[in-house]
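Just so you know, these numbers use all the heavy atoms, side chains as well, and skip hydrogens, waters and symmetry mates.
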Amino acid sequence: MIIVLPGTKNAGEACARTVELVDLYPTIADLAGLTPPKNLEGTSLRPLLEHPDADWKLPAFSQVQRGGFPGHSVRTERWRYTEWDFGAKGAELYDHESDPQELRNLAGEPLYATTVAEMKALLKTVHHGPVKGGQADRVFIKALGVNIE
């Protein structure tokens, strides 16, 4: 992600911190002097724009679909952990300090069991489990007066 503010003193300086796209709205609101809604996800990146080496411990979360099942990931500055189909189809753990190209999956190695448990717990703070779908859509469509039978 590249963000450059007009008149900033550290334009062109790289920041290695892990951020998410959901951080953009709170950042823009902060820079514009606005107060974002309380229930808004994300965190203003202003501290990193002003000081790229500032302390930042927030992880980034992502989700992809592989065939008929989801993959959920959590990324910290050092680690990326992914569960496929909530762990039913496997897990991956990569150490970006020693393996930035993610060539060696450490998830099944006993030496990394504690790291896997920590990353799994972090992932569960956002991706708790499968969500039953279909009912809300059917109710909404019926409320619009559309016959779906």
Side-chain angles (χ1 to χ4, degrees), residues 1-140:
M1 179 183 307
I2 299 173
I3 301 174
V4 178
L5 302 176
T8 187
K9 64 180 177 204
N10 49 9
E13 191 173 337
C15 175
R17 303 296 182 243
T18 303
V19 299
E20 301 179 271
L21 288 175
V22 297
D23 298 328
L24 288 179
Y25 185 135
T27 302
I28 293 168
D30 184 12
L31 294 170
L34 304 172
T35 303
K38 299 266 187 237
N39 63 343
L40 188 67
E41 291 185 32
T43 303
S44 174
L45 302 174
R46 184 179 206 148
L48 297 179
L49 295 172
E50 293 172 352
H51 304 284
D53 291 331
D55 191 37
W56 189 266
K57 301 293 184 201
L58 298 175
F61 297 91
S62 60
Q63 177 179 339
V64 297
Q65 194 72 16
R66 180 188 278 176
F69 57 89
H72 298 97
S73 294
V74 59
R75 175 79 163 84
T76 63
E77 285 190 37
R78 180 171 181 182
W79 304 100
R80 183 174 72 84
Y81 176 74
T82 302
E83 286 187 350
W84 296 102
D85 198 17
F86 299 94
K89 297 212 181 343
E92 299 174 32
L93 175 71
Y94 298 101
D95 182 348
H96 279 243
E97 282 184 7
S98 62
D99 182 19
Q101 294 178 326
E102 298 186 353
L103 300 174
R104 184 172 171 220
N105 182 1
L106 305 171
E109 296 187 21
L111 181 63
Y112 298 96
T114 300
T115 302
V116 167
E118 291 169 356
M119 297 297 284
K120 180 188 261 317
L122 191 55
L123 185 62
K124 297 298 180 207
T125 65
V126 173
H127 299 291
H128 310 286
V131 176
K132 294 185 186 229
Q135 295 304 315
D137 292 340
R138 295 176 69 81
V139 170
F140 177 71

Tightest non-hydrogen contact, residues Q63 and P70, listed as NE2-CB, 4.2 Å
### Query
CG of L21: more than 12 outside heavy atoms within 6.0 angstrom?
no
Closest heavy-atom pair, A107 versus N105, reported as atoms and distance to 0.1 Å, is N-OD1, 2.9 Å
Would you say that more than 12 heavy atoms from the other residues, nucleotides or ligands in this model lie under 6.0 Å from the CD of E41, or not? no
**Asked** Which of parallel (below 30°), tilted (30 to 60°) and perpendicular (above 60°) describes W84 and F69?
**Response** perpendicular
Notebook entry, point to check: What do the steps show when you test V74 against T125 for side-chain contact (heavy atoms from CB on, under 4.5 Å), and what is the final call?
Noted result: CA-CA 10 Å; V74 59; T125 65; over 6 Å; no
Main-chain N/O of T43 paired with D23 side-chain donor or acceptor, under 3.5 Å:
yes
- Give the C-alpha distance, both sets of side-chain angles, the deciding distance and a yes or no for side-chain contact (heavy atoms from CB on, under 4.5 Å) between L106 and T115. CA-CA 10 Å; L106 305 171; T115 302; over 6 Å; no
**OP:** I would like to know whether M119 and T76 meet side-chain contact (heavy atoms from CB on, under 4.5 Å); could you show each step before the answer?
**Re:** CA-CA 9 Å; M119 297 297 284; T76 63; 4.0 Å; yes
d(F86 CZ, K124 NZ) to nearest 0.5 Å is 7.0 Å
All heavy atoms of V19 vs all of A60, minimum pair found to be O-CB, 3.8 Å
Of all heavy-atom pairs linking A14 and P52, the shortest is O-CB, 3.7 Å
Item to check | Intermediate values then yes/no, side-chain hydrogen bond (donor to acceptor under 3.5 Å, both in side chains), S73 and R75 | outcome: CA-CA 7 Å; S73 294; R75 175 79 163 84; over 6 Å; no
So OG of S44 and CG of L24: to nearest 0.5 Å the spacing works out to 10.0 Å
Between T27 and R46, the two heavy atoms sitting closest are CG2-N, 4.3 Å
dist E92:CD -> E83:CD (nearest 0.5 Å) comes out at 11.0 Å
Between the CG atom in L58 and the CG atom in L45, the distance rounded to the nearest 0.5 Å is 9.5 Å
The reported gap from OH in Y81 to CG in L123 (rounded to nearest 0.5 angstrom) is 7.0 Å
inquiry  = I'd like to know if the side chain of R80 and the backbone of D95 have a donor-acceptor N/O pair within less than 3.5 Å.
reply    = no
message = Between D99 and R104 (salt bridge meaning N to carboxylate O under 4.0 Å), is one present in this structure?
response = no
Between G42 and P26 the two heavy atoms that sit nearest each other are C-CG, 3.7 Å
* Asked: F61 and E20: side-chain contact (heavy atoms from CB on, under 4.5 Å), yes or no, with the steps?
  -> CA-CA 8 Å; F61 297 91; E20 301 179 271; 3.9 Å; yes
The residue among R78, E102, E77 that forms side-chain hydrogen bond (donor to acceptor under 3.5 Å, both in side chains) with H96 is E102
Answer yes or no: does atom CD of Q101 have more than 12 heavy-atom neighbours from other residues, nucleotides or ligands under 6.0 Å?
-> no
Rounded to the nearest 0.5 Å, the CG atom of D85 sits from the NE2 atom of H72 at a distance of 9.5 Å
